[in-house]
Protein chains: 2
Amino acid sequence: MNFILKPIGIIHTPFIDKSQTPIQPVRSREVGQVCVFKEFSDGLQDLDGFSHIILVYLFHQSNGYSLRVKPFLDDQLRGLFATRHPNRPNPIGLSVVRLIGRQENILHIEGVDMLDGTPLLDIKPFVPDFDLRLNATSGWYAQRSQE
Amino acid sequence: MNFILKPIGIIHTPFIDKSQTPIQPVRSREVGQVCVFKEFSDGLQDLDGFSHIILVYLFHQSNGYSLRVKPFLDDQLRGLFATRHPNRPNPIGLSVVRLIGRQENILHIEGVDMLDGTPLLDIKPFVPDFDLRLNATSGWYAQRSQE
């Protein structure tokens, strides 16, 4: 069963080129705008109360994939699914960003790490009961992120 | 620009019917298995060090969508994108689950909330630096989840 995705908007960020995107979005303070296509505006109601949202988007500049990759933070090959590398069988990206505010169909966000012009697939509220795991351990990332 | 998704595996859970799936997965202790198609096995290396993974999957029993929905936890209509309702323009689901262990191309997981037979699109490691937001506030969910 295959399924066709259709963008619901476009994400605008300061990052024109892959080399500019931050590796660890939690440390990014860069702001951006999510321009949701007007036909979907009604679905944005009630988002305002959430401090953070999850953006689901296409890695639109991804180009094929390998099952073993050398991540940006590492110097050895890792299994693709143990990384957040953009080249994946289904090139879907996830980022948690801070929601600064909304003007009709435009969301102002902080902490962006995706490329300018990224096609948006979905917006989900970040809900601590669903999304927080305080005791999570992070494999090979744990070492690398402290360097 | 449209994009075609292709499942990379199937998620098995105890939930045969939509009415059985838990509303708040963080409280679920149900176990399941992720059966990744063998052609993608090599991509699972190095996953073992992570306590939690993010499963990206299709809401395969979703059927159309409305931009205003009454969520399971609520009694009034909310904007679709302020909910985690399964009927969405792009019916992509996200769940953070605990990784119990791996046997070749099968992952044993705990805390499942999706239907048995769910098509898997991607696996990402849960990385606190990327995914944790300790100070997040959760809009209309905040009230409802305490009831």
Side-chain angles (χ1 to χ4, degrees), chain A residues 1-8 24-27 40 42-52 54 56 58 60 67-68 78-84 88-92 94-96 98 119 121-142 145, chain B residues 1-8 24-27 40 42-52 54 56 58 60 67-68 78-84 88-92 94-96 98 119 121-142 145:
Chain A
M1 181 186 61
N2 292 348
F3 186 85
I4 297 174
L5 293 176
K6 208 176 161 206
I8 62 163
Q24 298 197 27
V26 73
R27 293 179 194 166
F40 299 107
D42 278 353
L44 299 174
Q45 290 201 17
D46 302 298
L47 253 191
D48 313 62
F50 293 86
S51 63
H52 292 76
I54 304 172
V56 181
L58 269 184
H60 64 304
L67 291 173
R68 311 290 304 282
R78 303 289 182 179
L80 175 62
F81 300 117
T83 78
R84 302 289 278 256
R88 316 179 76 82
N90 293 299
I92 297 174
L94 303 180
S95 297
V96 183
R98 191 167 80 79
L121 299 175
D122 200 6
I123 300 170
K124 298 181 193 289
F126 181 89
V127 180
D129 264 0
F130 296 160
D131 303 308
L132 273 191
R133 294 299 183 280
L134 294 179
N135 54 350
T137 56
S138 54
W140 67 265
Y141 271 106
S145 64
Chain B
M1 181 183 63
N2 292 346
F3 186 85
I4 296 174
L5 292 177
K6 206 174 162 206
I8 62 163
Q24 298 198 25
V26 74
R27 294 178 194 168
F40 300 107
D42 278 354
L44 299 175
Q45 289 201 18
D46 302 298
L47 253 191
D48 312 61
F50 293 86
S51 63
H52 293 76
I54 304 173
V56 181
L58 269 184
H60 63 304
L67 292 174
R68 310 292 303 280
R78 303 289 182 179
L80 176 61
F81 300 117
T83 78
R84 301 289 278 256
R88 316 180 75 83
N90 294 298
I92 296 174
L94 303 179
S95 297
V96 183
R98 191 167 79 79
L121 298 175
D122 200 6
I123 300 170
K124 298 181 194 288
F126 182 89
V127 179
D129 264 1
F130 295 162
D131 304 307
L132 274 191
R133 295 296 184 280
L134 295 178
N135 53 351
T137 56
S138 54
W140 67 266
Y141 270 106
S145 63

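Chain A is the first sequence line, chain B the second, and so forth, proteins listed ahead of strands; every chain is numbered from 1.
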Heavy atoms only: give me the nearest A:Q45-B:A82 pair and the separation to one decimal. O-CB, 3.5 Å
Only one of A:V56, A:D122, A:I8 passes side chain to side chain contact (heavy atoms under 4.5 Å, CB included) with B:R88, and that residue is A:D122
Tell me the closest heavy-atom pair linking B:V127 and A:R84, and the distance in Å. N-NH1, 4.1 Å
Examine distances only and state if a side-chain atom of B:N90 and a backbone atom of A:L121 form a donor-acceptor pair shorter than 3.5 Å. yes
Heavy atoms of A:L67 and B:F40 approach each other most closely as CD1-CA, 3.9 Å
Partner set under salt bridge (charged side-chain N to carboxylate O under 4.0 Å, His left out) for B:D48, not counting sequence neighbours: B:R102
Who wins among A:I54, A:L80, A:L47 for the most heavy-atom pairs under 4.5 Å with chain B? A:L47
